[in-house]
Amino acid sequence: MQKPSLPKGTRDFGPIQMARRNFILETIKDTFQLFGYQQIETPAMENLSTLTGKYGEEGDQLLFKILNSGDFLKKVDLKDLSEGAAATLPKVAEKGLRYDLTVPFARYVVMNRNELTFPFKRYQIQPVWRADRPQKGRYREFYQCDADVVGTDSLVCEAEIILMIRRVFLGLGISDYSIKINNRKILTGISEVIGEAGKEGPLAVAIDKLDKIGWEKVRQELTERGFNDEAVQKLGPLVEASTQEIDHLAFLKIFLAGSEIGLQGVKELEETFEIMQTMGQDLAKVQLDMVLARGLSYYTGAIFEVKVNQVSIGSVSGGGRYDNLTGVFGLSGVSGVGFSFGVDRIYDVMEELGLFPQEDSQGTQVMLAYFDEKGFNYALNILTLLRAAGIRSEIYPDQSKMKKQLDYASKKGIPYVGICGDEEIANKTLALKNLTSGIQENWTLDQVIDHFSGV
RNA sequence: GUGAUUGUAGCUCAGCUGGUUAGAGCGCUGGUUUGUGGCACCAGAGGUCGCCGGUUCGAACCCGGUCUUUCACCCCA
């Protein structure tokens, strides 16, 4: 006999967890649909050529590769082996598990460009896999809920992303959180005005850690990454301003005065906020974060990140605009913007904050219990009638002691048990017992149906 | 990928510098209660101490490897 086990970083979801996950999923789905997004799905596996090179060097390492079927070694020769893993890999694996939903979506858009009506708004809720080392709030298999719109560069999309995030969090009962927003063009502008044009990549990576490790450490990292002292010096006022309660847009207009692209980024943010105002919306929870960077290299415009306050979990949602994601698949000039909710992290956050409702709203409402064959037959009849009336009900399947039957209902959290004994059969009633209060009354079937239909 | 950390009954954990048959609480099964769960009392079942190897007269305990858990870095939902 072998001990059963799970692969590292994966989990089973039991009935309670699934009820909770479905609650989160339904809230998100409902919101996406309300905003006009249509659902699609793509395969769990993609050709490796679709996936590699889209997430940076680190990302390629985190891809799960699928060994070719059959004799996977037949194309490998000794020379490949002597050259190491990088040379051998393409010959033994040509498929991989998807790393996110955005790249498969880009692939889908390009392959179906003639059938799709643009702007195309799609949502997608599926698991993704990363060969990461698991830790708190980080799994090797987890769900993403993406909503993206491609084929328009309208800033209405950016505004609507903010509105969708707010609606979902309202529905989930999460109230203390911030939607951080920035624009890659602003980061490009910053690198220009400090005299390190073209280095926004490393600048972004370093500056993103500001609230985590502090200015001193970031400064060190920048120097290590080859930024000269003068440039780092020039960054000082920005870092200071980012922590102060001032009008960041106004600050950026001055700070980025010498950078056309930087000012363009500021303008985009400004317009996004104006659109929201025209829609009659305020900017609650929205926070312009001048040092928000995000790692993914394909972002070119707005970038988002959502952090729930007072919890130890990382960001629960993120996204941004990408101008040329479909370009690598041969369709250029299509701008897209989208974001993603991490269900597993939202789950962890809600658990940490104790936000899940106690009772299960989809569980059985009544269980039928009985003492003997006669009662069993009577109960089977009643069961059909209850279900016909739309009442979630079940019968204890084995003839056994009343104690056992009640125990089962009690443990399963079923609130009512309908007991079928000789007396009840004779009077055409049910002895309906409330398991919370312990009170038991004899009710006619009509009364029972009335009672539960009203709930 | 780098550096730590964890693993003993279904669950949460004790287990002394290595020394007979490895314990507790909760849970589980049965009983006190043959038309009634929760509470109480009584009895019982359940463990190759993650796995493999080594040191030792003797290993849950020491050493090596491996898997797993958690955490930091990197990166990210």
Side-chain angles (χ1 to χ4, degrees), chain A residues 1-11 24 28 55-63 85 98-102 125-146 165 204-206 208-209 212-213 217 221 293-297 299 303-308 312-320 338-349 367 369-372 374-375 396 399-425 431-442:
Chain A
M1 199 189 76
Q2 55 166 2
K3 231 182 205 173
S5 63
L6 282 173
K8 190 200 285 243
T10 66
R11 302 141 303 151
I24 299 172
I28 292 171
Y55 311 105
E57 210 174 309
E58 297 258 359
D60 286 354
Q61 277 195 320
L62 297 180
L63 286 171
R98 73 166 99 79
Y99 178 91
D100 72 357
L101 301 178
T102 310
I125 298 177
Q126 291 188 271
V128 303
W129 295 269
R130 296 183 187 178
D132 215 349
R133 274 224 199 167
Q135 52 181 272
K136 186 165 193 171
R138 175 176 295 192
Y139 308 98
R140 291 183 130 181
E141 176 184 61
F142 62 98
Y143 271 70
Q144 287 193 329
C145 308
D146 269 40
I165 292 171
V205 172
D208 192 43
K209 298 175 194 161
K212 211 168 161 187
I213 60 175
K217 290 252 174 81
E221 190 169 330
R294 291 187 58 76
L296 285 179
S297 46
Y299 292 125
I303 42 185
F304 304 95
E305 190 161 287
V306 182
K307 175 90 180 69
V308 178
S312 55
I313 318 262
S315 66
V316 294
S317 175
F339 74 113
S340 177
F341 287 110
V343 187
D344 306 82
R345 284 195 176 171
I346 291 175
Y347 186 104
D348 290 345
V349 163
M367 186 193 84
Y370 50 89
F371 299 101
D372 50 24
K374 227 170 116 197
Y396 193 85
Q399 258 186 59
S400 52
K401 290 185 194 168
M402 187 50 57
K403 178 183 166 75
K404 209 163 177 191
Q405 301 185 49
L406 286 171
D407 215 38
Y408 169 84
S410 188
K411 278 182 186 146
K412 198 170 167 181
I414 299 172
Y416 288 92
V417 172
I419 298 169
C420 307
D422 290 345
E423 252 177 71
E424 286 76 20
I425 297 171
L432 194 70
K433 185 179 174 86
N434 178 331
L435 288 192
T436 317
S437 63
I439 296 167
Q440 183 174 328
E441 289 177 278
N442 272 46

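Chain identifiers are assigned alphabetically (A, B, ...) following the order of the sequence lines, protein sequences preceding nucleic acid strands; residue numbering begins at 1 within each chain.
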Legend entry - Separation of atom CD1 in I346(A) from atom C1' in rC76(B), rounded to whole Å: 15 Å
Legend entry - Spacing between D100(A) atom CG and rC75(B) atom C1', to the nearest angstrom: 14 Å
Inset, instruction - May I ask you to say what S340(A) touches in the nucleic acid, namely base, sugar-phosphate or nothing, with a heavy-atom cut-off under 4.0 Å? - result: nothing
Inset, instruction - Look at all strands and tell whether G9(A) reaches a base, only sugar-phosphate, or nothing, counting heavy atoms closer than 4.0 Å. - result: sugar-phosphate
Legend entry - Atom-to-atom span, CG of L6(A) to C1' of rU69(B) - whole angstrom: 13 Å
Inset, instruction - Among rC75(B), rU36(B), rG37(B), find the nucleotide with the atom closest to the side chain of D407(A). - result: rG37(B)
Inset, instruction - Would you confirm whether S317(A), through its side chain, and S340(A), through its main-chain N or O, come within 3.5 Å as a donor-acceptor pair? - result: yes
Inset, instruction - Would you indicate what G137(A) reaches in the nucleic acid, counting non-hydrogen atoms under 4.0 angstrom: base, sugar-phosphate, or nothing? - result: base
Inset, instruction - Could you please name the partner base of rA72(B), counting Watson-Crick and G-U wobble pairs only when both distances are under 3.5 Å? - result: rU2(B)
Legend entry - Side-chain N,O (K8(A)) to OP1/OP2 (rU66(B)) below 4.0 Å: no
Inset, instruction - Rounded to the nearest angstrom, tell me the gap between atom NZ in K217(A) and atom P in rA72(B). - result: 15 Å
Inset, instruction - Check every atom of rG37(B), rC75(B), rU36(B) against the side chain of K403(A) and return the nucleotide holding the closest atom. - result: rG37(B)
Inset, instruction - Might you point out which heavy atoms bring G9(A) and P134(A) nearest each other, and give the distance in Å? - result: CA-CG, 3.8 Å
Inset, instruction - Determine which nucleotide pairs with rC11(B), using a 3.5 Å limit on both distances of a Watson-Crick or G-U wobble pair. - result: rG25(B)
Inset, instruction - Quote, to the nearest angstrom, the P distance that separates rU6(B) from rG47(B). - result: 27 Å
Inset, instruction - Would you indicate which nucleotide in rU70(B), rG37(B), rA77(B) comes nearest to any side-chain atom of F142(A)? - result: rA77(B)
Inset, instruction - Identify the two heavy atoms, one from Y370(A) and one from G375(A), that lie closest to each other, and give their separation to 0.1 Å. - result: CB-C, 3.6 Å
Inset, instruction - For L101(A) and R98(A), work out which heavy atoms get closest and say how close. - result: CD2-CD, 3.5 Å
Legend entry - R11(A) (side chain) donor-acceptor with E141(A) (main chain) under 3.5 angstrom: yes
Legend entry - Base rC76(B) paired with R345(A) side chain (donor-acceptor, <3.5 Å): yes
Legend entry - Exercise: identify the closest heavy-atom pair between F371(A) and Q399(A): O-OE1, 4.4 Å
Inset, instruction - Select base, sugar-phosphate, or nothing to describe what G314(A) touches, counting heavy atoms under 4.0 Å on all strands. - result: nothing
Inset, instruction - Describe the nucleic acid contact of Y139(A) in one word from base, sugar-phosphate, nothing, applying a heavy-atom distance below 4.0 Å. - result: base
Legend entry - Side chain of Q440(A) - closest among rG35(B), rC74(B), rG37(B): rG35(B)
Legend entry - R345(A) side chain vs G137(A) backbone, donor-acceptor pair below 3.5 Å: yes
Legend entry - Under 3.5 Å: donor-acceptor pair, side chain of R140(A), backbone of D132(A): yes
Inset, instruction - Spell out, as yes or no, whether a donor-acceptor pair under 3.5 Å connects the side chain of D60(A) to the backbone of Y55(A). - result: no
Output one line per pair: protein atom, nucleotide atom from nucleotides 3-5 of chain B, and distance, for all N/O pairs under 3.5 Å.
| from | atom 1 | to | atom 2 | distance (Å) |
| --- | --- | --- | --- | --- |
| rG3(B) | O6 | R133(A) | NH1 | 2.9 |

Legend entry - Touch class at under 4.0 angstrom, heavy-atom based, for T10(A) against every strand present: nothing
Inset, instruction - Work out which heavy atom in L435(A) is nearest to a heavy atom in S410(A); give both atom names and the distance. - result: CD1-N, 3.7 Å
Inset, instruction - Check for a donor-acceptor pair, side chain of Q61(A) on one end and backbone N or O of E58(A) on the other, with a separation under 3.5 Å. - result: no
Legend entry - Rounded interatomic separation in angstrom, taking CG from L101(A) and P from rA77(B): 11 Å
Inset, instruction - Could you let me know what rC49(B) is paired to, Watson-Crick or G-U wobble, both distances under 3.5 Å, or none if it's on its own? - result: none
Inset, instruction - Nearest whole angstrom, please: distance from the P of rC76(B) to the CG of D146(A). - result: 15 Å
Legend entry - Sugar-phosphate only, base, or nothing, as touched by K209(A) at under 4.0 Å among non-hydrogen atoms: sugar-phosphate
Inset, instruction - May I ask which nucleotide in the shown strands pairs with rG37(B), Watson-Crick or G-U wobble, both distances under 3.5 Å? - result: none
Inset, instruction - Select base, sugar-phosphate, or nothing to describe what I313(A) touches, counting heavy atoms under 4.0 Å on all strands. - result: nothing
Find every protein N or O atom lying less than 3.5 Å from an N or O atom of nucleotides 41-47 of chain B, and list the pairs.
none

Inset, instruction - Give the nucleotide from the list rU70(B), rC28(B), rC75(B) with an atom nearest to the side chain of K411(A). - result: rC28(B)
Legend entry - Under-4.0 Å side-chain N/O to phosphate OP1/OP2 contact, Q405(A) with rG37(B): no
Inset, instruction - Round to the nearest Å and state the distance from L432(A) atom CG to rU36(B) atom C1'. - result: 13 Å
Legend entry - Nearest heavy atoms of Q440(A) and A431(A), plus distance in Å: NE2-CB, 3.4 Å
Inset, instruction - For the pair K307(A) (side chain) and I313(A) (backbone), establish whether a donor and an acceptor sit closer than 3.5 Å, ignoring hydrogens and angles. - result: yes
Inset, instruction - Identify whether any heavy atom of S5(A) sits under 4.0 Å from a base atom; if not, whether one sits that close to sugar-phosphate; answer base, sugar-phosphate or nothing. - result: nothing
Inset, instruction - Have a look at Q61(A) and say if it touches a base, only the backbone sugar-phosphate, or nothing, with a 4.0 Å heavy-atom cut-off. - result: nothing
Legend entry - Below 4.0 Å: OP1/OP2 of rG37(B) and any side-chain N or O of K401(A): no
Legend entry - Options rG37(B), rU70(B), rC76(B), nucleotide nearest the side-chain atoms of R138(A): rC76(B)
Inset, instruction - Tell me which nucleotide among rG30(B), rG37(B), rA77(B) gets nearest to the side chain of K404(A). - result: rG30(B)
Inset, instruction - Determine whether any donor atom in the side chain of R130(A) lies under 3.5 Å from an acceptor atom in the base of rC75(B), or the reverse, and answer yes or no. - result: no
Legend entry - Among rC75(B), rU70(B), rG37(B), the nucleotide that comes nearest once only the side chain of K136(A) is considered: rU70(B)
Inset, instruction - Output the single nucleotide from rC71(B), rC75(B), rG35(B) whose closest atom is nearest the side chain of V205(A). - result: rC75(B)
Inset, instruction - Check every strand shown and say whether E141(A) touches a base, only sugar-phosphate, or nothing at a heavy-atom separation below 4.0 Å. - result: nothing
